[in-house]
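Report on the following structure.
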Amino acid sequence: QVQLVESGGGSVQSGGSLRLSCAASGYTYTYSTYCMGWFRQAPGKEREWVASINSVGSTRYTRYTDTVRGRFTTSQDNAKNTPYLQMNSVKPEDTAMYYCAAGRSTGRAGGCEWRYWGQGTQVTVSS
């Protein structure tokens with residue numbers, strides 16, 4: 001059974017930084033099927049994809065949605081099977097519940113079949 005547990009959310013002022021972590025257990029993958037990432041959902045809005053890392057063959061690709069590119073960085077600790085989301089220069093519009101997700105790579109850069117979700121961690125950015 002796959003379990004994803006996010007941590008690191010909280011309240012921060014505009015322009016500040018936060019680092020989210022996702023403790024993953026039970027998630028298994030091969031060198032070509034790895035796919036983990038982050039989504040967010042603001043009040044009254046649909047859940048949106050934020051960032052992901054996926055495998056195409058032996059190469060891993062990192063992708064970001066346009067609104068966070070250059071400010072957010074996703075990375076992974078392979079030894080701990082833990083992805084991170086470093087959020088810099090945050091803005092009030094980044095306020096949302098952030099979810100860790102895992103799945104299976106489609107074999108294309110940025111392509112994932114999302115199968116597993118965490119419970120989320122709240123990020124609130126004040127102006």
Side-chain angles (χ1 to χ4, degrees):
Q1 183 178 358
V2 176
Q3 287 190 321
L4 306 174
V5 180
E6 303 92 340
S7 62
S11 297
V12 62
Q13 290 192 328
S14 181
S17 298
L18 280 175
R19 189 191 195 208
L20 307 184
S21 301
C22 175
S25 60
Y27 175 58
T28 60
Y29 55 90
T30 68
Y31 74 95
S32 64
T33 64
Y34 179 89
C35 182
M36 296 194 77
W38 296 89
F39 287 71
R40 66 184 180 185
Q41 187 168 18
K45 295 187 177 180
E46 293 187 353
R47 187 175 299 189
E48 66 169 345
W49 167 77
V50 175
S52 61
I53 301 175
N54 80 305
S55 295
V56 178
S58 60
T59 302
R60 290 193 175 178
Y61 291 86
T62 304
R63 293 290 184 269
Y64 301 93
T65 191
D66 288 346
T67 55
V68 308
R69 188 177 297 114
R71 300 187 298 120
F72 292 10
T73 302
T74 188
S75 60
Q76 61 200 55
D77 182 330
N78 291 326
K80 298 179 180 179
N81 202 19
T82 298
Y84 301 95
L85 185 67
Q86 178 67 42
M87 306 168 59
N88 296 331
S89 303
V90 295
K91 305 174 181 180
E93 49 264 43
D94 294 322
T95 295
M97 184 72 78
Y98 282 73
Y99 298 90
C100 177
R104 182 182 179 90
S105 175
T106 64
R108 297 185 303 167
C112 298
E113 296 175 353
W114 301 105
R115 299 179 177 180
Y116 311 105
W117 300 87
Q119 294 299 308
T121 185
Q122 178 67 38
V123 172
T124 302
V125 183
S126 57
S127 57

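It should be emphasised that the depicted structure is a prediction, and the values quoted were computed from it without experimental measurement.
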(request) Start with the C-alpha gap between Val123 and Val90, add the side-chain angles, then the distance that decides, and say whether side chain to side chain contact (heavy atoms under 4.5 Å, CB included) holds. (result) CA-CA 10 Å; Val123 172; Val90 295; 5.8 Å; no
Between the side chain of [X] and the main-chain N/O of [Y], is any donor-acceptor distance below 3.5 Å?
X: Ser21; Y: Tyr84; answer: no
X: Thr95; Y: Val125; answer: yes
X: Gln119; Y: Glu6; answer: no
X: Thr73; Y: Gln86; answer: no
X: Thr121; Y: Gly9; answer: yes

Spatial distance of atom [atom1] ([X]) from atom [atom2] ([Y]) [nearest 0.5 Å]:
X: Ser14; Y: Glu93; atom1: OG; atom2: CD; answer: 7.5 Å
X: Asn54; Y: Arg104; atom1: CG; atom2: CZ; answer: 12.0 Å
X: Gln41; Y: Glu48; atom1: CD; atom2: CD; answer: 9.5 Å
X: Asp94; Y: Thr124; atom1: CG; atom2: OG1; answer: 11.0 Å
X: Lys91; Y: Ser127; atom1: NZ; atom2: OG; answer: 13.5 Å
X: Leu20; Y: Ser7; atom1: CG; atom2: OG; answer: 8.0 Å

(message) My understanding is that only one of Tyr99, Trp114, Tyr98 makes a ring-ring contact (aromatic ring centres under 6.0 Å, His included) with Phe39; could you say which?
(response)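 Single ring-ring contact (aromatic ring centres under 6.0 Å, His included) partner of Phe39 among Tyr99, Trp114, Tyr98: Trp114.
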Taking all atoms of both residues into account, what is the closest heavy-atom pair of [X] and [Y], and its distance?
X: Thr106; Y: Cys112; answer: CG2-N, 3.8 Å
X: Leu18; Y: Gly10; answer: CD1-O, 4.0 Å
X: Thr67; Y: Arg71; answer: O-NH2, 2.8 Å

With the 4.5 Å side-chain cut-off for hydrophobic clustering, are [X] and [Y] part of the same group?
X: Val50; Y: Tyr64; result: yes
X: Leu85; Y: Val5; result: no
X: Trp38; Y: Val12; result: yes

(request) Give the intermediate values and the outcome of side chain to side chain contact (heavy atoms under 4.5 Å, CB included) for residues Trp117 and Arg47. (result) CA-CA 12 Å; Trp117 300 87; Arg47 187 175 299 189; 3.1 Å; yes
(request) Have a look at Met36 and tell me which of Cys100, Ser52, Ser105 forms a side chain to side chain contact (heavy atoms under 4.5 Å, CB included) with it. (result)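 It is Cys100, the one option of Cys100, Ser52, Ser105 that forms the side chain to side chain contact (heavy atoms under 4.5 Å, CB included) with Met36.
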(request) Kindly assign one of parallel, tilted or perpendicular to the pair Tyr27 and Tyr116, based on the angle between their ring planes and the thresholds 30° and 60°. (result)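 Perpendicular: the ring planes of Tyr27 and Tyr116 meet at over 60°.
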